[in-house]
Amino acid sequence: QKKRKIFIQNQLLKVSKRKGLKIEINKKLLEEVTDLVNYPNIILCQFSENFLKIPREILIVTMQFHQKYFHTFDSKGNITNNFLVVANNKDKKGFIKIGNERVINARLSDAEFFWQKNKSKNLVKEISKLKSMNYFKGLGTYFDKVQRMRKLGASISDELLISKEKVELSATICKTDLISEIVGEFPELQGIMGGHLSHAQGFDKDIVDAIKEQYLPLGPDSVVSKKPYSITLSLVDKIDTLTGFYGLNEKPSSSKDPYALRRVALGIIRIIIENKKDIKLGDLFLYSKNIYLDQDFKFLNDNLTKDISIFLKDRLKYYLKEKNIRYDIIDATTKVLDLNRISTVYQKAVSLNKIINKKIGEDIVSSYKRAFNLLNSEIKNTDENLSNTTDPGLFKNDFEKKLYDKTHELKHYLSGMTKNQSFDEILNLFASTKNEVFDFFENVKVNDDSEDIRKNRLELLNFFCKTYEIFIDFQLIKDINE
């Protein structure tokens with residue numbers, strides 16, 4: 001079978017190249033046709049050029065998914081009316097070629113009829129028909145869903161500084177293609193056909209693209225949109241979905257995920273991380289819940305927002321693991337997860353992971369661990385209560401002062417960090433504290449005979465450790481000896 005698969009692949013490339021055509025071989029389709037034939041024979045066929053006027057996605061889905069054909073492109077990347085059939089026998093009399101051409105022309109004739117019919121229908125007038133199309137039991141109709149999406153979108157538009165009117169309009173009409181005959185015939189094209197229909201009716205390009213890309217990303221390896229309106233529409237769709245299903249307690253279990261909510265959650269995380277935008281997710285989920293309640297839907301889950309937060313944290317940890325981030329860095333960066341700063345958490349994890357096994361990483365971790373271990377051993381054996389205030393007036397030498405000043409410099413830098421600032425800089429600053437920390441321990445006796453000085457030195461170490469922990473929970477990071 002492996003030999004047959006390679007033979008088919010080579011023949012597809014050979015025939016297309018001979019005719020000056022380009023072909024993108026779909027791996028899944030190649031597997032399918034390999035299983036269907038014992039004596040493969042590649043036949044070049046054609047459909048009527050008139051059908052090239054309809055959207056290319058219709059042509060591709062018809063050929064690839066419905067008929068198991070391989071479509072072709074010209075040198076400029078335009079789809080052609082030539083396609084390749086993997087037959088099970090030689091076609092000496094040309095009957096196989098004629099039969100396949102007849103089938104594809106008939107199918108595309110139906111598709112063209114639906115396309116012409118649907119593109120003339122006013123999408124805004126079609127919205128009311130969504131009232132008769134159920135979304136999910138307990139979550140209303142698709143009309144209810146787009147109203148919720150419209151309100152959520154308006155909230156995000158303020159955050160992304162984009163037109164609220166465009167966002168609301170794209171959300172309002174984004175599901176109208178679901179009631180079209182063309183999507184009834186080609187359900188794989190929902191969203192994509194909505195984009196084509198809105199384009200045919202002269203809607204703004206931002207709206208057209210947002211509707212076309214609303215379901216992105218389709219999977220873990222699918223592209224993520226980088227356009228603000230597309231980002232917004234895709235996010236509000238997914239936020240509404242997660243809120244609704246979690247509200248009904250329709251959560252994924254360890255073995256089952258019938259509504260693909262893991263994919264939805266991962267989609268949210270990827271959109272935020274890959275666009276490097278911290279979106280206020282926590283606020284949006286709370287708002288989403290309230291919109292449902294305003295529509296008089298009753299939720300069974302009293303811990304809705306908490307459960308979603310835990311679920312998203314789990315998906316984020318999965319995403320970080322897939323990016324080969326070290327497990328202790330994943331735990332340290334996500335221990336207390338702020339949903340409003342997912343992109344920042346990711347950037348921190350990547351930056352630290354990049355240097356953790358280098359000298360700079362060792363310097364950062366060893367500085368923290370040396371201070372934390374002594375502080376922890378002193379505190380856990382006593383009833384010592386630290387007040388988080390260090391008194392510089394009690395310093396007896398320059399080593400205390402230098403560590404205090406360095407820590408202040410670090411804290412000031414951390415508090416002034418901007419959204420787009422590189423974390424490489426802050427990690428370099430963390431590493432630079434090693435001199436002050438090690439000089440302190442080699443020249444200062446923490447357990448001074450004076451109780452006030454002893455406590456002040458513990459306060460200084462506590463100040464140092466707490467400053468480190470503003471970045472991530474360094475207690476969870478393993479040092480080179482652990």
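Each residue takes its place number in the sequence, starting with 1.
Among pairs with a residue in residues 191-205, those fulfilling salt bridge (Lys or Arg N to Asp or Glu O under 4.0 Å) read K166-D204, K205-D209, at least two apart in sequence or across chains. The stretch residues 212-223 participates, sequence neighbours left out, in these side-chain hydrogen bond (donor to acceptor under 3.5 Å, both in side chains) pairs: K175-Q214, K175-Y215, Q190-Y215, E213-S225, E213-K227, E213-S230.
A side-chain N or O of N301 and one of D307 form a donor-acceptor pair less than 3.5 Å apart.
Between the N275 side chain and the I271 main chain, a donor and an acceptor come within less than 3.5 Å of each other. Under the 3.5 Å distance criterion, the side-chain polar atoms of D177 are left unmatched by any main-chain donor or acceptor of V183.
Heavy atoms of other residues, nucleotides or ligands lying less than 6.0 angstrom from CG of D302 number 12 at most.
For the atom pair CG of D144 and CG of D296, the computed distance is 10.5 Å after rounding to the nearest 0.5 Å. To the nearest 0.5 Å, atoms CD1 (I472) and NZ (K335) are separated by 11.5 Å.
The closest side-chain heavy-atom distance from T344 to D338 is not below 4.5 Å.
A ring-ring contact (aromatic ring centres under 6.0 Å, His included) with F471 holds for exactly one of F423, Y368, Y413; it is F423. For the side chain to side chain contact (heavy atoms under 4.5 Å, CB included) criterion with I239, the lone passing option out of I279, V264, I268, I308 is I268.
Figure legend: cation-pi geometry between K131 and F143, with NZ or CZ positioned under 6.0 Å from the six-membered ring centre and within 45° of its axis. Taking the ring centre of F438 as origin, the terminal cationic atom of R370 falls inside the region bounded by 6.0 Å and 45° from the ring axis. Judged by the 6.0 Å and 45° rule, K151 forms no cation-pi pair with Y287.
Every residue two or more places apart in sequence or in another chain was checked for a ring pair (Phe, Tyr, Trp, His ring centres under 6.0 Å) with H199, and none qualifies. Checked against ring pair (Phe, Tyr, Trp, His ring centres under 6.0 Å), Y142 has the following partners two or more places apart in sequence or in another chain: Y135. Partners of H66 according to the ring pair (Phe, Tyr, Trp, His ring centres under 6.0 Å) rule, which considers only residues two or more places apart in sequence or in another chain, are F186.
The two residues D448 and R457 have their closest heavy-atom pair at OD1-NH1, 3.5 Å.
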Show the atom names and distances, to 0.1 Å, of all donor-acceptor pairs under 3.5 Å that link a side chain in residues 427-435 to residues at least two apart or in another chain.
{"unit_1": "N428", "atom_1": "ND2", "unit_2": "D424", "atom_2": "O", "d": "3.2"}
{"unit_1": "S432", "atom_1": "OG", "unit_2": "K406", "atom_2": "NZ", "d": "3.0"}
{"unit_1": "S432", "atom_1": "OG", "unit_2": "L429", "atom_2": "O", "d": "2.6"}
{"unit_1": "T433", "atom_1": "OG1", "unit_2": "F430", "atom_2": "O", "d": "2.6"}
{"unit_1": "T433", "atom_1": "OG1", "unit_2": "Y468", "atom_2": "OH", "d": "3.2"}
{"unit_1": "K434", "atom_1": "NZ", "unit_2": "D363", "atom_2": "OD1", "d": "3.2"}

